[in-house]
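These numbers come from the heavy atoms of this one structure, side chains and all, not from hydrogens, waters or symmetry mates. So that the names make sense, note that chain A is the first sequence line, chain B the second, and so on, each numbered from 1.
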Amino acid sequence: MKIDQKFPFPTDVETAIALQEKLRHQVITEDQFGTIKYVAGIDVGYSDSDKITQAAVAVLSFPQLELLEQSIVKRPTYFSYVPGLLSFREIPAILDALEKLNITPELLLCDGQGLIHPRRFGIACHLGVLVNIPSIGVAKSHYIGQYNSVGLERGNWQPIIDEEEVIGAIVRTRTGVKPIYVSTGHRISLITAINYVLKCTTKYRLPETTRWADKLASN
DNA sequence: GCGACAG
DNA sequence: ATCTTGTCGC
């Protein structure tokens with residue numbers, strides 16, 4: 001797929017935060033898409049003592065969830081991990097991986113948070129806005145926000161609240177298994193995001209998209 | 001000041 | 001993220 005928004009990424013914390021403050025207003029929290037046939041899972045791994053960043057994208061058919069295409073890219077790591085600025089570390093490599101794709105995915109499931117972020121601009125929002133594709137944040141651990149305990153059955157969820165605002169949800173994707181953290185990335189509502197995450201999750205805790213991307217990014 | 005802090 | 005074996009439970 002073609003990537004338009006390829007301007008340089010900030011190298012320092014101050015500029016990165018300023019860019020988040022500028023771009024956060026572009027996030028759309030309503031459903032804005034048609035029929036979805038291609039869903040992509042995206043993940044990033046590191047090697048060589050953190051010097052190499054490897055991004056992987058797995059495109060699956062929807063709702064069949066069969067692997068249709070994959071893309072893997074390696075680059076030097078240029079931004080260290082700073083809580084709240086994960087996207088600056090990972091998105092440059094992700095854009096390269098997306099660019100190599102023949103199929104243009106219609107929904108992106110990102111490893112990490114979307115609106116569950118101190119400035120409401122986690123990696124799923126950042127990526128969604130840059131490529132203008134609906135996106136969802138799917139995180140494996142808690143970042144910010146308060147919530148009540150989630151029912152044990154698959155499909156149960158509870159809103160995550162920060163500063164009086166619903167920013168995402170904690171979702172039980174498998175009965176009796178540790179829940180995951182879902183939030184809007186771009187052009188999708190929280191409710192719809194939860195439903196798509198559940199539709200992409202079959203027999204494991206994480207969506208099939210994420211599982212494929214995980215595997216590709218760490219091999 | 002102290003603890004928390006996506007991947 | 002990454003370093004890593006066995007082990008508890010269905």
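As a whole-Å value, the separation of A:I94 CD1 from B:dA6 C1' is 12 Å. Atom CD1 of A:I144 is separated from atom C1' of B:dC5 by 10 Å (rounded to the nearest Å). One can place CD1 of A:I136 at 17 Å from C1' of B:dA6, the figure rounded to the nearest angstrom. The CG atom of A:D162 sits 14 Å away from the P atom of B:dC5 (whole-angstrom rounding). For the pair A:F121 CZ and B:dG7 P, the interatomic distance rounds to 18 Å; values are reported in whole Å. In this structure, NZ of A:K178 is placed 12 Å from C1' of B:dA6, rounded to the nearest angstrom. Rounded to whole Å, atom C1' of B:dG3 lies 15 Å from atom OH of A:Y143. One atom, CD of A:Q113, and another, P of B:dC5, lie 12 Å apart when rounded to the nearest Å.
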(Q) Before you tell me yes or no, could you show the steps for A:C125 and A:V27 under side chain to side chain contact (heavy atoms under 4.5 Å, CB included), namely the whole-Å CA-CA distance, both residues' side-chain angles and the distance that decides it to 0.1 Å? (A) CA-CA 7 Å; A:C125 301; A:V27 171; 3.8 Å; yes

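The backbone N or O of A:R205 lies less than 3.5 Å from a partner atom in the side chain of A:T173, making a donor-acceptor pair. Using modelled atom types, one side-chain atom of A:R187 and one backbone atom of A:N132 make a donor-acceptor pair closer than 3.5 Å. Without hydrogens or angle criteria, A:D43 side chain to A:A56 main chain gives no donor-acceptor distance under 3.5 Å. When atom types are taken as modelled, the side chain of A:Q70 and the backbone of A:L216 share no donor-acceptor pair closer than 3.5 angstrom.
Within the 4.0 angstrom heavy-atom criterion, base atoms lie near A:H117. At the heavy-atom level, A:L115 lies nowhere under 4.0 Å from the strands shown. Residue A:G84 is in base contact, counting any heavy-atom pair closer than 4.0 Å across all strands shown.
With B:dA6, C:dA1, B:dC5 as the choices, the nucleotide that has an atom nearest any side-chain atom of A:I123 turns out to be B:dA6.
Residues A:Y46 and A:E90 have side chains that bring a donor and an acceptor to within less than 3.5 angstrom of each other.
In terms of phosphate contacts, A:Y81 brings a side-chain nitrogen or oxygen within less than 4.0 Å of OP1 or OP2 of B:dA6. A close approach under 4.0 Å does occur between a side-chain nitrogen or oxygen of A:S141 and OP1 or OP2 of B:dG7.
Each of A:L67, A:V39, A:L68 was evaluated against A:S61; a single residue qualifies, A:L68, per the side-chain contact (heavy atoms from CB on, under 4.5 Å) test.
With the 3.5 Å cutoff on both pairing distances, Watson-Crick and G-U pairs in DNA chain C never assemble into a run of at least 3.
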